[in-house]
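Structure first, commentary second.
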Amino acid sequence: MSNNKGIPARAENYSEWYNELVKKADLAEHSAVKGCMVIKPYGYAIWEKMQAQLDKIFKDTGHSNAYFPLFVPKSFLEKEEGHAEGFAKECAVVTHYRLKADPNEKGKLIADPDSRLDEELIVRPTSEAVIWNTYRNWIQSYRDLPLLINQWANVVRWEMRTRLFLRTTEFLWQEGHTAHATKAEAIEETERMLHVYAEFAEKHLAVPVIRGIKTENEKFAGAETTYCIEALMQNGWALQAGTSHFLGQNFAKAFDVRFTTREGTQDLVWGTSWGVSTRLMGALIMAHSDDEGLVLPPGLAPIQVVIVPIYRSEEELARVTAQALEIKAELQKAGISVRYDDRDTLRPGFKFAEWELKGVPVRLALGPKDLDNGTIEVARRDLKTKEVLPLATVAQHVPTLLAAIHDQIYTKALTYRDSHITPVNSYDEFKQVLETKGGFIAAHWDGDFATADRIKDETKATIRCIPLGNPAELGTCMVTGRPSQQRVLFARAY
RNA sequence: CGGGGUGUAGCGCAGCCCGGUUAGCGUACCUGGUUUGGGACCAGGUGGUCGCAGGUUCGAAUCCUGCCACCCCGACCA
């Protein structure tokens, strides 16, 4: 069953619903380059809002932005063993720096064999290597610490399978890289940024997340500990929405980054790194949107309020426009972004449908009847309800309404999430819940990665995390029957 | 890398099996008019190297060979 906006229903084909929504809502499209997307203006506007809001939080927590090279010499990547192993399989490699006309085929270009690089350059899959190599020069004394740097950048990971926003070959992100004098301080920073991400997800994206720690085999290549936030999508699949890594002294060792302590001794620096990416766009889309289109939290909506004029004649249009512009100005004064949709080739119904598809939180419709009655129609995207309100109250009402919309979509997502954390005590029950209900499943696991692999092979579910503050609970592994100290969260995941 | 699919107007597609006027439909776009409180209608019009290369043929979007690209499913994925 298809709706009138040309998007399949979620229940019918979730994956296709997502793809079509991304395209129809004008967020992004596939590019001519395999695995790479074009982020269109409307989608990019949302990303810019995320960036701006996150960037402010980073700065408020003491971080500064900097920029490091796109290319990483191969030898840098080799230095931290775990890191190298983890990323080797998905790196784009630059081998030449020049093209020339193909002597065998007119009009074609080939890499000039004379321009082969002595050392190959890797297009960064992440920047630890190049940054820690730089930090060696920046850090001499405990007085240089902590060093709190963030970078907004693009990275490339040559994944075999891509999906718009969720996993693309090239993606945009921010990566924080900090250096500290003590282990405790570095862990504190790792946890601080995890909480920054969690609050950002909940307060800005309106997406509830579980804060947790990755198991050893799921952690970042090169990290001691990986913290993560895990969100739940409407199809019952989990999505890792952000990670914060405690790097220990691994990169300091690999790049020989030492500092002189207050006591005059030499010590290796402790590190962290943390990142969120355009994947958050995917989380945002999948967490809230419905079969009619996008549903955006007001704080991230490029257009928060759209005003649609209703009129029959030029004269009516003039009257409606005068009133609409007054409302627009009033709302803008309150910091709300407003679009007055006076496109004259489209009828109101078309505009209603289009703005719903694009997830504009509040729609105001203003026509001659309203002018006569001193009213205005106010429609909210999240609940698809509308009411007619006195014109005089609308400017006061809208900010309250926007806040209510945020709360509503957050609460809805939270209710869904909370009702989809299911404890199970047997493997059969586990499989059954996975098939019928999805979501997070809290189960006992023996701590053996062979067991986790077996579960993954048999059910496609992986351990998402061990939640922070997870209660100790003695039990037995649902698969092997061996003893377990606590439940961990499993789910199928993007 | 395996399996499947697609490539024809900006977008979405038909035509291909079974070769034959000027390559069609929807939508979008342009012009004029009527419309406008939930995706308007009428009339006229613009827009095409049919993915690329070669072959068969009097004649190729259609048949043959080769190649390329992208998408979907899987494997893979801090």
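So that the names make sense, note that chain A is the first sequence line, chain B the second, and so on, each numbered from 1.
Of the listed nucleotides (B/rG37, B/rC76, B/rC72), B/rG37 has the atom at the smallest distance from the side chain of A/P348. When the nucleotides B/rC76, B/rU35, B/rG38 are ranked by their closest atom to the side chain of A/M160, B/rC76 comes out on top. The side chain of A/K456 has B/rC77 as its nearest neighbour among B/rG38, B/rC72, B/rC77. Side-chain proximity of A/R312 to the nucleotides B/rC72, B/rU36, B/rG38 is greatest for B/rU36. Between B/rC76, B/rC77, B/rG39, one nucleotide has an atom nearer to the side chain of A/F350 than all others, and that is B/rG39. Minimum atom distance to the side chain of A/K369 is reached by B/rG37, of the listed B/rG38, B/rG37, B/rC77. For A/P368, the side-chain atoms get nearest to B/rG37 when compared with the rest of B/rG37, B/rA75, B/rG38.
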Quick test: give all pairs of protein nitrogen or oxygen and nucleotides 68-70 of chain B nitrogen or oxygen below 3.5 Å, distance rounded to 0.1 Å.
{"from": "B/rC70", "atom 1": "OP1", "to": "A/K34", "atom 2": "N", "distance (Å)": "2.7"}

All N/O contacts under 3.5 Å from nucleotides 45-50 of chain B to the protein, with atom names and distances to one decimal?
none

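The separation between A/E16 atom CD and B/rG12 atom P is 13 Å, rounded to whole Å.
B/rA28 and B/rG12 have their P atoms separated by 15 Å, with the value rounded to a whole Å. When the C1' atom is used for both B/rG15 and B/rA60, the distance is 14 Å, rounded to whole Å. Here the separation of B/rA53 from B/rG10, taken at their C1' atoms, is 27 Å to the nearest Å.
Looking at residues two or more places apart in sequence or on another chain, you find a side-chain hydrogen bond (donor to acceptor under 3.5 Å, both in side chains) between A/E16 and A/N13. Under the side chain to side chain contact (heavy atoms under 4.5 Å, CB included) criterion, A/Q408 pairs with A/R380, A/D382, A/L383, A/K412, not counting sequence neighbours.
Residue pairs meeting the side-chain hydrogen bond (donor to acceptor under 3.5 Å, both in side chains) criterion with at least one member in residues 358-369 of chain A, sequence neighbours excluded: A/E356-A/R363.
Paired regions of RNA chain B, where each region holds three or more successive Watson-Crick or G-U pairs whose two hydrogen-bonding distances fall under 3.5 Å, are B:1-7 with B:68-74, B:10-13 with B:24-27, B:29-34 with B:40-45, B:51-55 with B:63-67.
A/R347 has a side-chain polar atom (N or O) that falls below the 4.0 Å cut-off from OP1 or OP2 of B/rG37. Between A/R167 and B/rC77, a side-chain N or O to OP1/OP2 separation shorter than 4.0 Å is absent. In this structure, A/N19 does not reach the B/rC71 phosphate: none of its side-chain N or O atoms is under 4.0 Å from OP1 or OP2.
With hydrogens and angles ignored, no donor-acceptor pair closer than 3.5 Å exists between the side chain of A/E377 and the base of B/rG38.
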